[in-house]
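To start, the structure under review is shown below, and the notes come after it.
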Amino acid sequence: MTEPTIEDYFVENRTFPPPRGFADTALVSDRSLYEEAAADPEAFWARQARELVSWFDDFHTVLEWELPFARWFVGGTLNVSYNCLDRHVEAGRGDKVAFHWEGEPGDTRTLTYAELLDEVCRFANALKGLGLQRGDRVAIYMPMIPELPVAMLACTRIGVAHSVIFGGFSPDSIIDRVNDAEARAVITADGGFRRGAPSLLKPNVDAALPSTPTVEHVVVARRTHSDVDMVEGRDHWYHELIAGAGADCPPERMHAEDLLYLLYTSGTTAKPKGIMHTTGGYLTQVAFTHRYVFDLHPDDDVYWCAADIGWVTGHSYIVYGPLANGATSVIYEGTPDTPGRDRLWDIAERYGVTQLYTAPTAIRTFMKWGHEEPAKHDLSKLRLLGSVGEPINPEAWMWYHTHVGGGRCPIVDTWWQTETGAQMISPLPGVTELKPGSATFPLPGISAEVVDDHGDPIERGGGYLTLTRPWPGMLRGIWGDPERYEATYWSRFPGRYFAGDGCKLDDDGYLWLLGRVDDVMNISGHRISTTEVESALVDHDAVAEAAVVGASDDVTGQAIIGYVILKGRVEASPELVEEIRQHVSVKIGPTARPKRVFVVPDLPKTRSGKIMRRLLRDVAEGRDLGDTTTLADATVVDAIRAGASADAGED
Ligand code: PRX
């Protein structure tokens, strides 16, 4: 017997089959897609590519695979903006709403497919007028306003690759990303509205520009009407460019493997990785997954992905997937607690949202705010819920299911990454029996295996998640750094893509994601996942949210330190803290009982909502904090540190 790679303790036995009414009308309600894909994955993807995407020239080769470099749908030509816009208008659906947009102050804008096409063509012509051409790269640094998807689609129309930089990033982050991509232009806005106030964007671009020699032009959309400096010859107002541009802009015929976009994601070193996505395979997989995972009925549904377009979730499931499928979507500019903590539910009610896709961190925040908030609104149109971004604790899953989904909506817990481009492991809602907290099984056409330290597949228990076959939406590399691409993803387990996530397989073959492997703790030789301990903490009635880290410990190697946010209060008696620790013991076992539990007012998170465990480890080990530039709210750590040093409690 070898030592288990990652121990698994947390057992969750509740199951939820597809609700009968849901399965009756679902696009998929049997195993045929799985069977077809298992029999011949390439033929399966070729069929999806031909059915879901319109090609100018058909492809002659489905896949060329020279590990680790894949080329999909070779010989095919297409245009992404044509697929997202023109073909729907040509089919007579020009008056269908593409986006119901709502600004944080409450202003709204409705864009039909025909209107979106018109604006995209004008803006594409404007970009051409600035000298941009096929093969160039453009950075986009914008708030969540309609001009953001317009800018992305306009780039795809003329064969320019975009690099969207999340609007919360600092000038330094803009400099790194713009320079790495050698972007010739930056598209931005004066600012956007967040928490009731304008947050300025153009000044950040101005601060970056002296250090970005490749940028020739800056386009500025007007949103907040704040004063901005405009440099003659370099800076242009979006609305003026659009007004002066023609509406006729034939789509560029792109090759399937032409670069569609770069999206930077942080790695283990300071230099962010420019993840490369190309055209044909990416569009095929986002269209496929958006249609079948969300069970999209484009004529009836109002779909809402409440992510930010600055992250891959927004690229694939606000812009490209929904538009390729001709869906009607909601886009919301601001924060969920402005003006009240029921803003999301208010929006969902007013637009009659049928599918809602959000992140566990948001769901746990809603839990903290109380189920009275969704209860104020009629959410009866909702028929499916989605989760993405991190493992969802069973308790958060149950809350979402009960208080948002009214007990009738399947939840699709979708595992994927910036690198995978599209969803990989997820239920199909009309087919899969759900277990709260499990992303269940690989989607049709996707092949995943859990392996041990030696790279050998295991049949049950904890290990590392790997992908064993190329998939259409996979990253094609890291911009400018093929060696890093190979080393990061393909070298730990030869022949396999290593996702960097721990994962366990239960007796029924369900996959349970356990978080990043660098978040796995080693307590007296037991490898325990932070996710499992966090789930056990949140399972306690008093706990709203939890983060767990392993801090170095002279005796046990590492010791488990838990940080918890309580429901509706900020302080706990020593008895309650003890009870919470004991609860983990009961749920998982004494090995996993945290050595210390701190009650904190908030947790440090990145702007995309991931807990920054590194900072919590630094606090737990009494170190100076390292880089905090990606932290959403820098004061949180000070509050935690103050609390941690005031607290004497230990075994
Ligand atoms: O650790 C996994 C976690 O998020 C990582 C990918 O992060 P990012 O590239 O920012 O993309 C997030 C949106 C796709 C993964 O390696 N992750 C994402 N979804 C899940 C998840 N962990 C568990 N369950 C999920 N559903």
Side-chain angles (χ1 to χ4, degrees), residues 1 4-20 22-23 26 28-39 41 289 292-293 295 360 384-388 390-398 400-401 405 407 409-416 423-452 456-469 499 501-515 520 527-529 531-536 539 587-589 592:
M1 265 299 279
T5 302
I6 301 175
E7 306 203 17
D8 78 274
Y9 293 106
F10 195 94
V11 183
E12 172 57 62
N13 286 323
R14 290 170 283 202
T15 55
F16 294 82
R20 170 135 335 117
F22 188 95
V28 190
S29 55
D30 61 26
R31 302 204 49 80
S32 52
L33 283 182
Y34 292 102
E35 284 158 13
E36 179 194 345
T289 49
Y292 292 107
V293 171
D295 187 48
L384 176 138
L385 301 173
S387 172
V388 59
E390 49 176 322
I392 178 164
N393 332 79
E395 284 322 293
W397 195 103
M398 290 302 298
Y400 196 30
H401 189 258
C409 304
I411 297 180
V412 288
D413 173 5
T414 61
W415 178 88
W416 59 294
Q423 297 159 344
M424 302 290 285
I425 299 175
S426 165
L428 284 182
V431 184
T432 313
E433 179 159 88
L434 307 174
K435 297 191 185 186
S438 168
T440 73
F441 306 103
L443 286 166
I446 302 299
S447 167
E449 279 178 352
V450 180
V451 300
D452 63 16
D456 295 324
I458 57 175
E459 276 167 19
R460 90 163 297 295
Y464 307 105
L465 180 67
T466 65
L467 302 167
T468 61
R469 262 204 310 264
D501 281 353
C503 186
K504 74 176 183 188
L505 267 166
D506 73 12
D507 290 335
D508 303 322
Y510 282 66
L511 295 163
W512 298 76
L513 276 305
L514 298 174
V520 170
R527 302 207 59 204
I528 298 174
S529 104
T531 297
E532 291 204 328
V533 181
E534 286 164 8
S535 286
D539 188 74
K587 285 296 286 187
I588 300 187

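Model, not experiment: these values are computed from the prediction.
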Over all heavy atoms of both residues, which pair between [X] and [Y] is shortest? Give the atoms and the distance, please.
X    : Y    : answer
K504 : L514 : N-CD1, 3.9 Å
A448 : L467 : CB-CD2, 3.8 Å
W512 : P436 : CZ3-O, 3.4 Å
G463 : I458 : N-CD1, 4.1 Å
P41  : A38  : CD-O, 4.1 Å

Hey, are the side chains of [X] and [Y] touching, using non-hydrogen atoms and a 4.5 Å cut-off?
X    : Y    : result
P360 : P391 : no
L443 : Y292 : no
H401 : L385 : no
L511 : P442 : yes
W397 : K435 : no
F16  : P410 : no

Point-to-point distance, once rounded to the nearest 0.5 Å, from [atom1] of [X] to [atom2] of [Y]:
X    : Y    : atom1 : atom2 : result
D413 : E390 : CG    : CD    : 10.0 Å
E36  : R31  : CD    : CZ    : 13.0 Å
T440 : L434 : OG1   : CG    : 7.0 Å
D539 : E395 : CG    : CD    : 4.5 Å
L465 : L513 : CG    : CG    : 6.0 Å
S535 : I392 : OG    : CD1   : 9.5 Å

Ignoring hydrogens and angles, tell me if any N or O in the side chain of [X] forms a donor-acceptor pair with the backbone of [Y] under 3.5 Å.
X    : Y    : result
S29  : G430 : no
Y400 : G386 : yes
S426 : T414 : no
D30  : S32  : yes

- Task: For D508 and E433, run side chain to side chain contact (heavy atoms under 4.5 Å, CB included): C-alpha distance rounded to whole Å, both residues' side-chain angles, the deciding distance at 0.1 Å, then the answer.
- Result: CA-CA 11 Å; D508 303 322; E433 179 159 88; over 6 Å; no
- Query: Should T432 and Y34 be marked as a side chain to side chain contact (heavy atoms under 4.5 Å, CB included) after you check the CA-CA gap, both sets of side-chain angles, and the distance that decides it?
  - Reply: CA-CA 11 Å; T432 313; Y34 292 102; 3.8 Å; yes
- Task: Identify whether the distance between the nearest side-chain nitrogen and carboxylate oxygen of E12 and R14 falls below 4.0 Å.
- Result: yes
- Quick one: do V412 and L384 satisfy side chain to side chain contact (heavy atoms under 4.5 Å, CB included)? Show the steps, please. CA-CA 8 Å; V412 288; L384 176 138; 3.9 Å; yes
- Task: Could you go through the side chain to side chain contact (heavy atoms under 4.5 Å, CB included) check for W416 and T289 one step at a time?
- Result: CA-CA 11 Å; W416 59 294; T289 49; over 6 Å; no
